[in-house]
Amino acid sequence: MSETRPPLPPFTTATAIQKIRAAEDGWNTRNPARVALAYTPDSIWRNRSEFLKGRPAIVEFLTRKWAREHDYRLIKELWACTENRIAVRFAYEFHDDAGQWFRAYGNENWLFDPSGLMAQRHASINDVPIAPEDRLFHWNNTAPRPLDHPGLAALGL
């Protein structure tokens with residue numbers, strides 16, 4: 001029995017938004033093993049300057065990431081979609097071990113297999129230091145973003 005991760009391609013605007021929100025909710029758990037299940041076993045990633053292949057590499061990468069990015073909170077938003085591809089823009093906030101807050105801005109290009117698992121993820125990301133009072137993402141840690149919390153466009157990002 002093969003894995004499936006609805007919604008499945010081909011994507012409409014509505015199903016692409018559902019897929020993006022599911023990804024956002026998963027990443028906000030900061031659970032590497034859970035997040036990795038959304039990707040094919042041989043998924044290919046480019047994240048900044050790192051190149052990964054396969055779920056074990058994804059789990060290892062996310063474990064390292066969230067060990068140094070504390071109080072991580074992410075918002076993703078649809079940029080464009082077509083049959084089995086989705087382009088996303090995102091921002092997330094975190095602080096490092098020294099207490100410095102950052103907002104990371106980025107874009108991702110996703111390619112899905114027919115079962116709705118992500119086969120490729122290409123991410124470009126830039127980090128900008130911010131003051132604690134400039135934070136915009138406020139909700140319970142490791143919880144999904146509340147439905148009434150503004151998205152990127154509403155926040156002017």
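In this text the structure is predicted, and so the values were computed from the model without any measurement. Below, each value reflects all heavy atoms present in this structure, side chains not excepted, and no hydrogens, waters or symmetry copies.
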Do the side chains of [Y] and [X] get nearer than 4.5 Å, heavy atoms only?
X: Glu3; Y: Pro41; value: yes
X: Leu78; Y: Phe11; value: no
X: Leu37; Y: Arg5; value: yes
X: Lys19; Y: Thr15; value: no
X: Phe90; Y: Ile20; value: no
X: Trp101; Y: Asp71; value: yes
X: Asn47; Y: Phe61; value: yes
X: Asn109; Y: Arg85; value: no

Closest heavy-atom pair and its distance - [X], [Y]:
X: Val59; Y: Ala33; value: CG2-CA, 4.1 Å
X: Arg103; Y: Ile130; value: NH2-CD1, 3.9 Å
X: Val88; Y: Ile86; value: CG2-CG2, 3.7 Å
X: Asn141; Y: Arg73; value: N-NH2, 3.5 Å
X: Gln18; Y: Pro7; value: OE1-CG, 3.7 Å
X: Thr142; Y: Arg30; value: CG2-NH2, 3.3 Å

Just verifying a value: how many Å separate [X] [atom1] and [Y] [atom2], rounded to the nearest 0.5 Å?
X: Leu117; Y: Leu8; atom1: CG; atom2: CG; answer: 9.0 Å
X: Phe94; Y: Gln100; atom1: CZ; atom2: CD; answer: 9.0 Å
X: Arg21; Y: Asp25; atom1: CZ; atom2: CG; answer: 5.0 Å
X: His70; Y: Asp96; atom1: NE2; atom2: CG; answer: 7.0 Å

Original post:
With no hydrogens and no angle check, is any side-chain donor or acceptor of Arg55 less than 3.5 Å from a backbone partner on Ala36?
Top reply: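 The answer is yes, because a donor-acceptor pair under 3.5 Å joins these two groups.
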Considering residues at least two apart in sequence or located in another chain, which fulfil the side-chain hydrogen bond (donor to acceptor under 3.5 Å, both in side chains) criterion with [X]?
X: Glu108; answer: Lys76, Trp110, Arg121
X: Gln120; answer: His122
X: Glu50; answer: Arg64
X: Asp42; answer: Thr40

Original post:
Counting heavy atoms not belonging to Trp66, are there more than 12 under 6.0 Å from its CH2?
Top reply: yes
Original post:
Are the ring centres of Tyr92 and Trp27 closer than 6.0 Å?
Top reply: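 No; Trp27 has its ring centre 6.0 Å or more from that of Tyr92.
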**OP:** Considering only Ile, Leu, Val, Met, Phe, Trp and Tyr, and joining two whenever side-chain heavy atoms are under 4.5 Å apart, list the other residues clustered with Phe51.
**Re:** none
**OP:** Please go through Leu157's hydrophobic cluster and name the other residues, only I, L, V, M, F, W, Y counting, with side-chain heavy atoms under 4.5 Å joining them.
**Re:** Ile75, Tyr105, Val128, Leu136, Phe137, Trp139, Leu152, Leu155
